[in-house]
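None of the values given here were measured: they were computed from a predicted structure. All values below were derived from every heavy atom in this structure, side-chain atoms included, with hydrogens, water molecules and symmetry-related copies excluded. In listed order, ligands and their atoms are each counted from 1.
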Amino acid sequence: MSSLLEVSGVCVTFDGFRAINNLSFQIGPAELRAVIGPNGAGKTTFMDIVTGKTRPDAGRVLFGEKSISLLRRSEAEIARIGVGRKFQRPTVFEDQSVADNLMTALKAARGPWKVLFWRPGPADHARVLELADQVGLAAHLARKSGELSHGQKQWLEIGMLLAQEPRLLLVDEPAAGMTLAEREQTTAMLVDLAKTRAVVVVEHDMEFVRRLNCKVTVLHEGSVLAEGSIDHVTADPQVVEVYLGR
Ligand code: ADP
């Protein structure tokens with residue numbers, strides 16, 4: 001399988017401190033991957049590199065055929081070529097309905113120039129329904145987003161990201177603060193989304209990672225310490241020492 005994202009030999013230094021140290025990482029076009037590691041392992045910096053927020057001082061990042069690291073692309077440009085990032089805290093428009101939030105996201109996905117003259121048509125209303133359905137909110141389209149539960153707001157934000165049709169979705173601790181039922185629904189949603197795009201989940205919660213039932217990459221001191229199934233990595237003595245044994 002050829003990879004969608006290829007990070008090779010990437011280094012990032014902050015004031016002389018190597019936060020990312022010769023990191024190499026690949027993900028396929030329709031793959032679900034969990035990235036774990038102790039605090040300070042470099043997980044956030046890794047996402048910052050892939051979204052163009054942080055520039056590597058060495059190495060290269062390829063997304064599809066395009067280079068993220070060499071051409072000095074802006075974060076907006078990287079988002080347009082297909083990288084979507086879901087931060088931990090949902091940032092939905094609380095006064096708007098679920099449908100309006102999704103429509104706003106569809107509008108924004110048109111790019112800055114087309115937005116001015118854009119009016120939603122039947123295809124856009126159908127797309128809103130489809131997005132709501134993908135994130136389990138089809139029954140809540142008319143509800144004000146501010147009235148949704150924490151988990152539902154997280155899903156709405158994922159739906160808004162999907163409006164951009166990302167080929168890679170980076171999701172930071174999606175299950176944090178969710179009820180058990182919401183966590184189960186989130187697991188199923190992420191597994192489903194990864195059938196047609198790459199999904200990288202950065203997560204602390206090992207039980208949640210186990211349920212994702214996907215390949216796991218363990219980061220430590222800015223490099224890959226171990227990679228494989230959850231059972232494989234949790235049996236690795238080095239992983240136990242740096243992460244699980246704490
Ligand atoms: P994680 O998300 O796994 O907790 P981070 O990527 O946030 O790890 O951080 C990796 C390392 O880089 C940490 O030691 C952190 O203190 C350091 N770091 C991250 N961002 C900066 C920054 N802007 N300036 C200095 N050090 C930073």
Side-chain angles (χ1 to χ4, degrees), residues 5-27 31-63 68-69 72-76 78-79 83-91 150 154 157-158 161 166 168-178 183 186 190 198-212 214-230 232-234 236-246:
L5 176 72
E6 194 178 319
V7 174
S8 323
V10 164
C11 298
V12 175
T13 310
F14 295 115
D15 302 325
F17 174 77
R18 267 280 165 94
I20 295 290
N21 188 14
N22 199 18
L23 177 69
S24 296
F25 178 98
Q26 292 189 358
I27 181 157
E31 188 187 339
L32 178 60
R33 180 76 62 89
V35 174
I36 64 172
N39 273 337
K43 303 181 295 294
T44 307
T45 310
F46 160 71
M47 286 192 282
D48 289 347
I49 294 163
V50 176
T51 53
K53 189 173 174 203
T54 296
R55 305 276 173 205
D57 344 294
R60 60 174 200 174
V61 183
L62 287 177
F63 180 69
I68 287 179
S69 50
R72 310 238 150 234
R73 293 174 190 274
S74 68
E75 280 184 79
I78 290 171
V83 178
R85 179 177 187 174
K86 163 86 183 73
F87 288 90
Q88 241 174 291
R89 282 178 53 164
T91 50
H150 167 74
Q154 301 280 23
E157 204 182 16
I158 292 176
L161 278 172
L168 167 66
L169 198 57
L170 300 167
V171 197
D172 194 4
E173 292 192 40
M178 285 191 179
R183 289 152 67 91
T186 304
L190 293 171
V199 179
V200 174
V201 181
V202 170
E203 189 50 81
H204 278 292
D205 184 327
M206 294 300 270
E207 202 40 53
F208 185 74
V209 172
R210 187 171 287 284
R211 282 167 179 275
L212 289 175
C214 65
K215 189 166 170 182
V216 179
T217 299
V218 186
L219 295 188
H220 176 54
E221 295 180 347
S223 310
V224 174
L225 181 70
E227 210 163 62
S229 69
I230 186 77
H232 172 79
V233 300
T234 53
D236 183 325
Q238 288 190 91
V239 176
V240 174
E241 189 182 331
V242 305
Y243 187 57
L244 303 167
R246 289 144 57 105

Considering only the protein, which heavy-atom contact is closest to [atom], and what is its distance?
atom: atom 8 (O) of ligand 1; answer: G42 N, 3.1 Å
atom: atom 2 (O) of ligand 1; answer: T44 OG1, 2.6 Å
atom: atom 12 (O) of ligand 1; answer: A19 CB, 3.2 Å
atom: atom 6 (O) of ligand 1; answer: T45 OG1, 2.5 Å
atom: atom 4 (O) of ligand 1; answer: G40 N, 2.7 Å

- Query: How long is the span from the CZ atom in F14 to the CG atom in D57, to the nearest 0.5 Å?
  - Reply: 9.0 Å
- Note on the structure: Value for CG (L212) from CD1 (I230), rounded to nearest 0.5 Å, stands at 9.0 Å
- Message: Do K43 and E173 make a side-chain contact, defined as non-hydrogen atoms from C-beta onward lying under 4.5 Å apart?
- Response: no
- Message: Does any part of the side chain of V201, heavy atoms only, come nearer than 4.5 Å to the side chain of P174, both counted from C-beta?
- Response: yes
- Query: Hey, which atoms in ligand 1 end up nearer than 4.0 Å to a heavy atom of N39?
  - Reply: 4 (O)
- What atoms of ligand 1 come within less than 4.0 Å of a heavy atom belonging to P38? 3 (O)
- Query: Judged by non-hydrogen atoms, does G222 sit under 4.0 Å from ligand 1?
  - Reply: no
- Is there a side chain to side chain contact (heavy atoms under 4.5 Å, CB included) between I78 and F63 once you walk through the steps? CA-CA 9 Å; I78 290 171; F63 180 69; over 6 Å; no
- Are there protein heavy-atom neighbours of atom 21 (C) of ligand 1 below 4.0 Å? yes
- Message: With the threshold set strictly below 4.0 angstrom, can you tell me whether any protein non-hydrogen atom sits that near atom 16 (O) of ligand 1?
- Response: no
- Item | Nearest option to atom 18 (N) of ligand 1, as decided by whichever heavy atom of F14, F17, F46 sits closest | F14
- Query: Mind checking whether A41 has an N or O less than 3.5 Å away from an N or O of ligand 1?
  - Reply: yes
- Query: Taking distance alone, with no angle check, do K43 and ligand 1 share an N/O pair under 3.5 Å?
  - Reply: yes
- Under the side chain to side chain contact (heavy atoms under 4.5 Å, CB included) rule, what do E157 and T91 come out as? Steps first, then yes or no, please. CA-CA 7 Å; E157 204 182 16; T91 50; 2.7 Å; yes
- Taking the side chain from H150 and the backbone from A176, do they hold a donor-acceptor pair closer than 3.5 Å? yes
- Query: For T45, does its backbone N or O pair with a side-chain atom of K53 as donor and acceptor, under 3.5 Å?
  - Reply: no
- Item | Name of the residue among R210, R211, R183 meeting side chain to side chain donor-acceptor pair (under 3.5 Å) with D205 | R183
